[in-house]
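Here is the structure we will look at.
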Amino acid sequence: MTAMKSALAVLGLMVAAPAAYAAEDCGDVTLAEMNWASAGLAAWVDKIILEEGYGCDVALVTGDTVPTFTSMNEKAEPDIAPELWVNAVKVPLDAAVAEGRIVIASEILTDGGVEGFWIPTKLAEEHGIKTIHDALEHPELFPGAEDSSKGAFFNCPSGWACQIITQNQFIALDAEEKGFELIDSGSAAGLDGSIARAFNRDEGWLGYYWSPTAILGKYDMTKLDLGVEHDKESWDNCTVVNNCPDPKLNEWSRSDVFTAVTKEFADNNPVTMDYLGKRAWSNATVNELLAWMGDNQATNEDGAYYFLENYPEVWSSWLSEDVAAKVQDAL
């Protein structure tokens, strides 16, 4: 984390640079549109503001945590990852920052991200389930496995860092021996759909989820206590490592959720870096937006315009008066 703090200190000098650079200097920008709702929303907010406020030509590219970080680190593309959940890539990210390949522009979620294993609150209260160990004593409460005699333990989609983490936690818990199957959710929509289906059927559900999300705004879920502390060394060297030979149960830390940019982009775009350095929002704001998007079957683009039209007090604080006026005029 020292490397990241150093990067933020360097950024402080960069964002203080005089605004003598013309908006036209922004040019072409590639921006990762991650395939989960809060990140997709953030990508579209950035796209609209960068294009309308700064004259950039923004191309969105599909992304996931590990592939996007790897591409930025090795190929310097895309230019920007608006919402990078860094728990799974802390060690290589620290190295990339220290070695001058990537710059941390801001902490986009001011509250940080919350990750863990969740069950419906109603089920938790009815059966006195408070810990993951309590839940694993009752596979019969969690249907959805291919083998109906076993309980379902839902993992996150392929390509997400939490897939490896959850798999290692599942092994550490001896969950298979306790009568559970680890279920591949297939996609973000598949994971959300499994929760919605469980609530619609008044059934149990157990698996990985995170906040901020529309799902946790819509459905009353309880995060289970793992009964252990976060062990950073074990986390970095095993919990996040595919095929770790002997994983140990490890609590998630408060997740750092950063906006990361390539060093080349940071060096060449001081004015837009000023925006990215100030651009941050709370989990409460994001949950409200995601809930609206879910209720209205809205796209990431729809959600971004809804945010810009209805939360000017939030986004205007990120911009100079003249840039804010350009964005407002474009709306």
Please tell me whether Trp205 and Phe142 form a close aromatic pair, meaning their ring centres lie under 6.0 Å apart. no
Kindly write out the residues that satisfy salt bridge (charged side-chain N to carboxylate O under 4.0 Å, His left out) with Arg197, not counting sequence neighbours, or none if the list is empty. none
Would you please test Asn283 and Leu109 for side-chain contact (heavy atoms from CB on, under 4.5 Å) and show each step? CA-CA 6 Å; Asn283 285 9; Leu109 292 178; 3.7 Å; yes
Test: ring pair (Phe, Tyr, Trp, His ring centres under 6.0 Å). Region: residues 165-192. Which pairs qualify, not counting sequence neighbours? Phe153-Phe170
Taking Ser253 for its side chain and His230 for its backbone only, find out whether a donor-acceptor pair lies under 3.5 Å. no
Given the rule in the side-chain contact (heavy atoms from CB on, under 4.5 Å) test, do Tyr275 and Leu50 qualify, once you have shown the distances and angles that lead to the verdict? CA-CA 9 Å; Tyr275 156 65; Leu50 289 174; 4.0 Å; yes
Could you tell me whether a side-chain N or O of Asp79 sits under 3.5 Å from a main-chain N or O of Leu31, the two making a donor and an acceptor? no
Checking Tyr305 now: which residues fulfil ring-ring contact (aromatic ring centres under 6.0 Å, His included) with it, not counting sequence neighbours? none
With the side chain counted from C-beta on, respond yes when Phe117 and Gln169 share a heavy-atom pair under 4.5 Å apart, and no when they do not. yes
side-chain contact (heavy atoms from CB on, under 4.5 Å) between Val327 and Leu319, worked out: CA-CA 10 Å; Val327 174; Leu319 308 172; 4.1 Å; yes
For Trp118, side chain to side chain donor-acceptor pair (under 3.5 Å) partners two or more places apart: none
Within a strict 4.5 Å, meaning less than it, do heavy atoms of the Val97 and Val103 side chains meet? no
What do you reckon, is CD of Glu264 surrounded by more than 12 foreign heavy atoms closer than 6.0 Å? no
Counting N and O atoms only, with roles assigned by atom type, does the side chain of Thr30 sit under 3.5 Å from a partner on the main chain of Pro78, one being a donor and the other an acceptor? no
Sort and list the pairs that fulfil side chain to side chain donor-acceptor pair (under 3.5 Å) and have at least one residue in residues 309-318, not counting sequence neighbours. Glu288-Tyr311
Does Cys162 offer a backbone N or O that forms a donor-acceptor pair with the side chain of Thr166 under 3.5 Å? yes
Excluding sequence neighbours, so at least two apart, what forms salt bridge (charged side-chain N to carboxylate O under 4.0 Å, His left out) with Glu99? Arg101
Go through the structure and list residues passing side chain to side chain donor-acceptor pair (under 3.5 Å) with Ser320, not counting sequence neighbours. Asp322
Could you walk me through whether Leu84 and Val257 satisfy the side-chain contact (heavy atoms from CB on, under 4.5 Å) test, starting with their C-alpha distance in whole Å, then the side-chain angles of each, then the deciding distance to 0.1 Å, before giving a yes or no? CA-CA 5 Å; Leu84 189 68; Val257 185; over 6 Å; no
Ring centres under 6.0 angstrom apart (Trp281, Phe307): yes
Kindly state each residue pair satisfying side chain to side chain donor-acceptor pair (under 3.5 Å) with at least one member in residues 234-251, sequence neighbours excluded. Lys232-Asp236, Thr239-Asn250, Asp246-Lys248
Can you sort out the partners of Lys130 under salt bridge (charged side-chain N to carboxylate O under 4.0 Å, His left out), two or more places apart, ordered by chain and number? none
So, Asn168 side chain and Pro247 main chain: donor-acceptor pair closer than 3.5 Å or not? no
Contacts of Ser149 meeting side chain to side chain donor-acceptor pair (under 3.5 Å) (sequence neighbours excluded), chain-then-number -> Asp147
With a 4.0 Å cut-off on N to O distance, would you call Lys90 and Asp256 a salt bridge? yes
Write out all pairs satisfying side chain to side chain donor-acceptor pair (under 3.5 Å) with one or both partners inside residues 170-192, taking only residues at least two apart or from two chains. Asp192-Tyr209
Is it true that Lys278 and Asp274 make a salt bridge, defined as a side-chain N closer than 4.0 Å to a carboxylate O? yes
For Asp134, all residues meeting side chain to side chain donor-acceptor pair (under 3.5 Å), sequence neighbours excluded: Thr131
Look at the aromatic rings of Trp210 and Trp160 and report parallel, tilted or perpendicular, splitting at 30° and 60°. perpendicular
Can Val61 be reached from Val45 by stepping across I, L, V, M, F, W or Y side chains whose heavy atoms are under 4.5 Å apart? no
